[in-house]
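Inspection log for the structure reproduced underneath, given as structure tokens.
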Amino acid sequence: MKTKLRPRPSGALRTLSRRMTPTPLTHWLGMRAISMAPEQIALREGLRAAVAVGIMMALALALDVPLMAWSAFAAFWTCLVDPGGPLAIRLRTLLTFGMVGTVLAAIMSMASGYGPVMAAPLLALIVLGCGLGRLRGATATQIGVLAAIVAVVAICYPMTPQGALGLAGLFALGAGWATLVCIVAWPVDAYAPLRRACAEIFREEGRMTRRMLRGRDVALSTGTRGSIGAHRREIRSRIERTRTRIEILSPDAAGSQTRAALLPALEICDRIFVVLIAFEHAVVLTPASPTTRRILRHLQLLLERAARVVGHPAADMTALRRQIARIDTLCAHEGSLYGRGARTCAAALRDLLVALHETPGPLLPAGQDGRRAAQPGKWRDWPVAVRHATRLSVSVMVAYGITLAFALPFAYWAMMAVVVVMQPQGMTTLPRTIERVVGSIVGGLLAAIMGVVMPVWLILVMIFPLAAATIALRAVNYTLLVLFMTQLFVLVTDLVSPGVGWDVGLARSVNNIIGSLVGLAGCLLLWPERRGPGLAAQVADAFIANIRYAVLASGAHAAGREKIEQARRMAGTTSTRAEIQCQQTRLEGLRRSARLDRAEQILLALRQMAGRASVTWMERSLSPSSADAPFPARFEQVMRQMDWPDITAPPHALPTLDEMAGMLHLLDVTHGESRDVVASVPSGSA
């Protein structure tokens, strides 16, 4: 009897988004530092933002008070600053932003009333202070960015002291109303985004398993090989990003049973990932038998069941237990790599079921080791934070000067673009600039068309879905966020300033382009950070990390499981960084080069070598006599060539690309595998 398993939709928007953003597209964007995470659609957060913003705009129109658009903006920014997590943290964040924004709105509007000579230096100091908020963590960074936005918008509303206080009151009204909606009227699940992130890793592994069913001929094609590499890099990147997001939860947030199960779930994803790499390479080496295909189909169903259980805390776990038992029965007498690996995956998911029912143990009180350990990192971040805050302040002043010189309407959009585009690293600012410009142009054109052809009542109605889409998609993709946010702001401006029509959308697009380019130029020209290691150095780092992992996994050097796991993760992350650098270098050069081709060939060989080491480690853990004896001997010869006496310490010098290619040829990574198909060596990311 065949079992049909289709994951239950987790929401109409998420399902539609996954269908419209195929996996190859998300991988291609991810390699270029452009994030696309369809599973992070937050529909409930979007709906409550629509209520908060829409009601403020309806009141502004009903009372005929155009300045109440400030209340709508304040409500939107307050919904945007909501960090999620425990109620106490969210409430403190929202109230802090509300108070800071109210004060800055009053100060900057009042200072602007006395002219740019008074307002400009004050704005520079405020933006500098907001930029330094990065030192206090991710939540403070978000508050600082939005507070700087409040300041740059308020400087474009020059008023008398009495008028400035009224403007601040309208801001406080909108922020207070949004806080009430977010905290009291419409609470949300604080851990849902992290659960969805973990569930999506299981789904990605299920897609990886489904790919193996396509057969050896498809897997050997050139295009599919590149897609396979991108898929593995995406899974590794998702695991590391999710691990970071989980580990930065504050100590007082760690008491949640949900949070206590997330890290074990992530480690189980990592364990399964190693097995799937071995399977994928085995499929490339030899066609899958009917028994193998049956195992892979059941494993795919198992991973989809696991994704459903992790993503929905109230999901029925009976189906997952049944699928685990089916794998155990199917592979009970299967001694091949697939049988042993499938049983390993089933055992890992059995551990997952245990973790989901465990009660978290005693926690450290807030303010003890966790916070104390993080303190030195803040001092190390001082140079980066000061440099970023300084050049952000200077760049905002440049954008302000441009808008004054050319008398640009709605000048605050240019300064807002500078604030949100500029990042501490130039390589991060470039993709953010591209996304901002594209989203602003498309959103501005759509909003201009709507402002011309739609009546006022329909524009007011459109505020609700646009506000909902902006907040719901903020963690999915930055371009989509800017696209919907541009339409929202343009239509709000059109409502409170009727008759401007196309001018608002055009001004929004032009100002965003100016501000984005100023922000990018500021990162590249003002105290630029030291460039990271070059391509050859990154490839060398990956080479050394993979050699270390292969030696430890082969058993040639005594090492515990934890040390081998760390070496495997380091091999995977260094290879991923080097591959992304290759992609970016190719984009910058817009042409192929022999040096770049050599680097890519080395990285492909390193993936094969690391995968082979993973299988050696897995075989050795199941049967100590199965270790590949010639494998460590060849590595000893390579280490002698590199003058690398101790595998636990770095070598004295980094090898060149030609030297690495020669040593990989000595290791016979790419050709030696064909001699032993039974070993089933994986060619994927460690």
Side chain to side chain contact (heavy atoms under 4.5 Å, CB included) with Val153: which of Phe410, Trp77, Phe171? Trp77
Measure the spacing between CD1 of Ile201 and CD1 of Ile235 and express it to the nearest 0.5 Å. 8.5 Å
Where is the tightest heavy-atom contact between Thr96 and Arg92, given as atom of each residue plus distance? OG1-O, 2.6 Å
Euclidean distance, Arg598 CZ relative to Leu603 CG, rounded to 0.5 Å: 12.5 Å
Nearest 0.5 Å, what's the CD1-CG distance between Ile434 and Leu520? 8.5 Å
Using a 3.5 Å distance criterion without hydrogens, assess whether the side chain of Arg387 forms a donor-acceptor pair with backbone atoms of Leu526. no
Heavy-atom closest pair, residues Ile126 and Ala151: CG2-CB, 3.9 Å
Would you mind reporting whether Leu480 and Thr470 have side-chain heavy atoms less than 4.5 Å apart? no
Are Met663 and Phe543 side-chain neighbours, meaning at least one heavy-atom pair lies under 4.5 Å? yes
Taking Val437's backbone N and O only, do any of them form a donor-acceptor pair with Ser516's side chain (distance below 3.5 Å, no angle check)? no
Met570, CE: over 12 other non-hydrogen atoms inside 6.0 angstrom: no
In Å and rounded to the nearest 0.5 Å, what is the OH to CG distance from Tyr114 to Leu122? 12.5 Å
Pair Val53-Phe73, side-chain contact (heavy atoms from CB on, under 4.5 Å): steps then yes or no: CA-CA 7 Å; Val53 176; Phe73 291 150; over 6 Å; no
Can the ring centres of Trp413 and Phe489 be said to be less than 6.0 Å apart? no
Does Asn512 use its side chain to pair, donor to acceptor, with the backbone of Gly444 at less than 3.5 Å? no
Any donor-acceptor N/O pair, Arg391 side chain to Cys523 backbone, under 3.5 Å: yes
If you measure from CG on Leu167 to CE on Met108, what distance do you get to the nearest 0.5 Å? 12.0 Å
Is a side-chain N or O of Arg474 found less than 3.5 angstrom from the main chain of Leu80, in a donor-acceptor match? yes
Can you see whether Asn546 engages Ser575 through a side-chain donor-acceptor pair at a distance of less than 3.5 angstrom? yes
Rounded distance [0.5 Å steps], CD1 in Ile143 versus OG1 in Thr93: 5.0 Å
Is it the case that the side chain of Ser393 and the backbone of Thr390 share a donor-acceptor pair, with hydrogens and angles ignored and the cut-off at 3.5 Å? no
Residue pair Leu657 / Arg595, side-chain heavy-atom distance below 4.5 Å: yes
Examine distances only and state if a side-chain atom of Thr78 and a backbone atom of Ala74 form a donor-acceptor pair shorter than 3.5 Å. yes
Can you name the nearest heavy-atom pair linking Thr242 to Ala197, along with the distance? OG1-CB, 3.8 Å
side-chain contact (heavy atoms from CB on, under 4.5 Å) evaluation trace for Gln142 with Leu146: CA-CA 6 Å; Gln142 182 75 350; Leu146 290 172; 4.0 Å; yes
State, to 0.1 Å, how close Leu535 and Ala578 come at their nearest heavy-atom pair, and which atoms those are. CD1-O, 4.1 Å
Under a 4.0 Å threshold between the charged nitrogen and the carboxylate oxygen, would Asp270 count as salt-bridged to Arg568? yes
Identify the two heavy atoms, one from Cys156 and one from Met415, that lie closest to each other, and give their separation to 0.1 Å. SG-CE, 3.9 Å
Is there side-chain contact between Cys79 and Glu45, with at least one heavy-atom pair below 4.5 Å? no
Side-chain contact, heavy-atom cut-off 4.5 Å: Pro116 with Tyr400? yes
Is any side-chain heavy atom of Pro158 closer than 4.5 Å to one of Met110? no
Is there side-chain contact between Ile513 and Ile441, with heavy atoms separated by less than 4.5 Å? yes
Just by modelled atom types, is the Ile155 backbone N or O under 3.5 Å from a matching donor or acceptor in the Ser112 side chain? yes
side-chain contact (heavy atoms from CB on, under 4.5 Å) for Arg548 and Ile544? Distances and angles first, verdict last. CA-CA 6 Å; Arg548 179 181 291 113; Ile544 293 169; 4.1 Å; yes
Check: Ile547 and Trp644 side chains under 4.5 Å, non-hydrogen atoms: yes
Assess the residue pair Leu473 and Asn477 against the criterion (side-chain contact (heavy atoms from CB on, under 4.5 Å)); give the C-alpha distance rounded to whole Å, side-chain angles, the decisive distance to 0.1 Å, and a yes or no. CA-CA 7 Å; Leu473 299 175; Asn477 177 256; over 6 Å; no
Considering all heavy atoms of both residues, which atom of Val418 and which atom of Ala399 are nearest to each other, and what is their separation? CG2-CB, 3.8 Å
Indicate yes or no: does Glu200 engage Arg207 in a salt bridge with an N to O separation below 4.0 Å. yes
